[in-house]
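The chains referred to below are lettered A, B, ... by the order of the sequence lines, with proteins before strands, and numbering in each begins at 1.
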Protein chains: 2
Amino acid sequence: MPSSTAPVAARAVGRDAGMTPAMKTAVPAEPSRRRRSRKGEGERLREEILDATSHLLLQTGDHEAVNIRSVAKAVGVTPPSIYLHFADKAALIKAVCGRHFASLEQSIEVAVAGTDDPAEQLRLRGRAYVDFGLEHPEQYRILFMSRRAVVCDEPPDEELKAASGFTALVDNVVRAIEAGAVDAVDPILVATGLWTVVHGITSLAISVPDYPVSGLDTLVDHLLDVHRRGLRPSSFSMEAWPHR
Amino acid sequence: MPSSTAPVAARAVGRDAGMTPAMKTAVPAEPSRRRRSRKGEGERLREEILDATSHLLLQTGDHEAVNIRSVAKAVGVTPPSIYLHFADKAALIKAVCGRHFASLEQSIEVAVAGTDDPAEQLRLRGRAYVDFGLEHPEQYRILFMSRRAVVCDEPPDEELKAASGFTALVDNVVRAIEAGAVDAVDPILVATGLWTVVHGITSLAISVPDYPVSGLDTLVDHLLDVHRRGLRPSSFSMEAWPHR
DNA sequence: CCTGCCAACTTAACACTGTTAGCTTCGGCT
DNA sequence: AGCCGAAGCTAACAGTGTTAAGTTGGCAGG
């Protein structure tokens, strides 16, 4: 029976020289070829692939360093088997990120649960967003900083709103307006603006080496505070920009 | 001709299907092998490579679609010749982007020259930044949205300031403070905040399919206006965020 | 004019990537 | 017991960045 002979498994993958030896041991405990799934359990491989990819993505922090062959090796399977469950590499990466960001909305809601004040909720929401993005930088990059961000295959006009719980943000803005904390302009515009601010922080913090020279917390507080003051009804908007 | 047939199958990544035949002819008139340079004129190839790469980058809008072989073919040279002038592909792309963004600062200064009011200058600066980023999206992505943005090889702490004319922005903020249009907090903090806002707009507009549902101009005006109001000394900062 | 030298390239190949066609193998049903 | 199809493998293709080693052709010195 050839299943347990090590050299066979090594030969199966072809040239394995490129991978550093540390990588192999770091992936948790799937060294050899895994048992084939039962008849109806083909879907289990899909989950294992997702787990392994997620692990590698976190580990390398670069989706270009996560290649099909390393994923296959991590699950104990050959590269073509990946394509039984994912159309291509992009679909795989997308699935992993979608999985991670299903918890973004949840994280935000947990953070918001601490208070009932809509304005404070907006601030907590912003901080939670930035924190989450910095905890999962590569996933954030793929979702919101790619060439053409494709969050999911839902109807395209729903993509924007579905991602990052945009509707929940809009609701929060509406509540803030009703509470008198925010000027009564278009809530969607205000929500988009808030998203833009926290995305700007997250994006630059991920990409630019030592971005917030003034410290990240300071900047987040500063920006959210400035934005909140600018949104208040009390700052009478008659005196707009000099001309337009 | 299989190029125009396939309705669904041809997606982004794989084979050469991404290249349409029209692209090849679009590169201006270097079909065959070019004449070898004279003894001292080896540097001329470098410029031709930069030109061709810049052209391809603009054309495809994706730095992963610009490969060494296509650049070499466009210049009329073989792939290894590229490495006589650039250490690797990243260095080549970086050089091209650096070239493009040498004009970012210039574009901004031109835009600012229209007025003497520091507050209005800040707004014009922001608009010019966004416009420039949207005119050169792929270059912007490489410069400010990459995994680890490497603007240039200068001393690392100078990178941030050198890029996008950060010091000029800080100076503008200082002038706005002196003019009484902006509250007298840390100018660097304020400048970083402003950069963050315009980057947030630019970044999302590049990445997210139909990002500003309210229209881009509307959003830019809204955000810069809100930010300006939030920065005014008149919005007394005693009443800060509820708690912290 | 010739001769050699060296800058400016080319040829050929390597290692690695995503991806596909076609074959094997095993679990479960009849 | 037999077979059939799901689950997975073998082998290969086409394309990528990159490098080692060879070639060419213009220019300087004899």
Side-chain angles (χ1 to χ4, degrees), chain A residues 1-3 5 7-20 23 30 32-49 53 56 60 62-73 75-94, chain B residues 2 6 9-19 30 32-49 53 56 60 62-73 75-94:
Chain A
M1 211 48 179
S3 70
T5 66
V8 173
R11 185 174 52 83
V13 192
R15 313 176 168 111
D16 53 352
M19 281 295 156
T20 87
M23 282 182 172
E30 251 125 3
S32 65
R33 188 175 297 173
R34 65 172 226 139
R35 265 195 63 80
R36 172 201 291 237
S37 290
R38 300 281 181 76
K39 237 350 180 2
E41 300 179 353
E43 288 298 307
R44 230 183 46 193
L45 177 56
R46 183 190 160 92
E47 295 303 313
E48 293 183 32
I49 292 172
T53 308
L56 285 173
T60 66
D62 180 8
H63 80 276
E64 290 183 14
V66 175
N67 48 357
I68 296 286
R69 281 172 172 85
S70 61
V71 170
K73 180 183 278 187
V75 256
V77 106
T78 57
S81 299
I82 307 286
Y83 294 89
L84 297 176
H85 296 280
F86 300 95
D88 52 8
K89 184 185 172 180
L92 170 59
I93 299 287
K94 203 171 70 181
Chain B
R11 255 190 63 92
V13 182
R15 294 261 145 47
D16 57 347
M19 280 292 166
E30 251 126 0
S32 64
R33 186 175 299 173
R34 65 171 227 140
R35 268 193 62 80
R36 168 199 293 236
S37 291
R38 300 280 181 75
K39 241 337 181 12
E41 301 180 352
E43 287 297 308
R44 230 183 47 191
L45 177 57
R46 185 190 159 91
E47 295 304 312
E48 293 182 33
I49 291 172
T53 307
L56 286 172
T60 65
D62 181 8
H63 81 277
E64 291 184 13
V66 176
N67 49 353
I68 296 285
R69 282 172 172 85
S70 62
V71 170
K73 179 182 280 186
V75 203
V77 107
T78 57
S81 298
I82 308 287
Y83 294 89
L84 297 177
H85 296 280
F86 300 95
D88 52 6
K89 183 185 173 181
L92 170 58
I93 299 288
K94 204 171 70 180

Picking from [options], which would you name as closest to the side chain of [X]?
| X | options | result |
| --- | --- | --- |
| B:L45 | D:dG17, D:dT10, C:dC9 | C:dC9 |
| A:P80 | C:dT11, C:dC16, C:dT20 | C:dT20 |
| B:Y83 | D:dA7, C:dC9, D:dG17 | D:dG17 |

(Q) Angle between the two end axes of the helix from C:dC1-D:dG30 to C:dT30-D:dA1, five base pairs per end, rounded to 10 degrees? (A) 20°
(Q) I'd like to check the salt bridge (Lys or Arg N to Asp or Glu O under 4.0 Å) partners of B:D88; sequence neighbours left out, ordered by chain and number. (A) none
Once you round it to whole Å, what is the distance between [atom2] of [N] and [atom1] of [X]?
| X | N | atom1 | atom2 | value |
| --- | --- | --- | --- | --- |
| B:I68 | C:dT17 | CD1 | P | 18 Å |
| B:H85 | C:dA8 | NE2 | P | 7 Å |
| B:K89 | D:dT19 | NZ | P | 15 Å |
| A:D88 | C:dT17 | CG | P | 17 Å |
| A:N67 | D:dG15 | CG | C1' | 15 Å |
| B:R46 | C:dA8 | CZ | C1' | 16 Å |
| A:E64 | C:dG18 | CD | C1' | 13 Å |
| B:L84 | D:dT19 | CG | P | 12 Å |

Q: Could you tell me whether the side chain of B:R69 has a donor or acceptor atom within less than 3.5 Å of a complementary atom in the base of D:dG15?
A: no
Q. Looking only at atom types and distance, does a side-chain atom of A:D62 sit under 3.5 Å from a main-chain N or O of A:E64, one as donor and one as acceptor?
A. yes
Q) Donor-acceptor pair, A:T53 side chain versus A:I49 backbone, under 3.5 Å? A) yes
Q. For A:S81 and D:dC9, is the shortest distance between a side-chain N/O and OP1 or OP2 below 4.0 Å?
A. yes
Q. At what distance, to the nearest 0.5 angstrom, does CG of A:N67 lie from CG of A:L56?
A. 8.5 Å
Q) If we only count heavy atoms from C-beta on, is the A:K94 to A:F86 side-chain gap below 4.5 Å? A) no
Q | B:T78 to B:A72 - nearest heavy-atom pair and separation | A | C-CB, 3.7 Å
**Q.** Minimum-distance pair of heavy atoms, taken over all atoms of B:K89 and B:H63
**A.** NZ-O, 3.2 Å
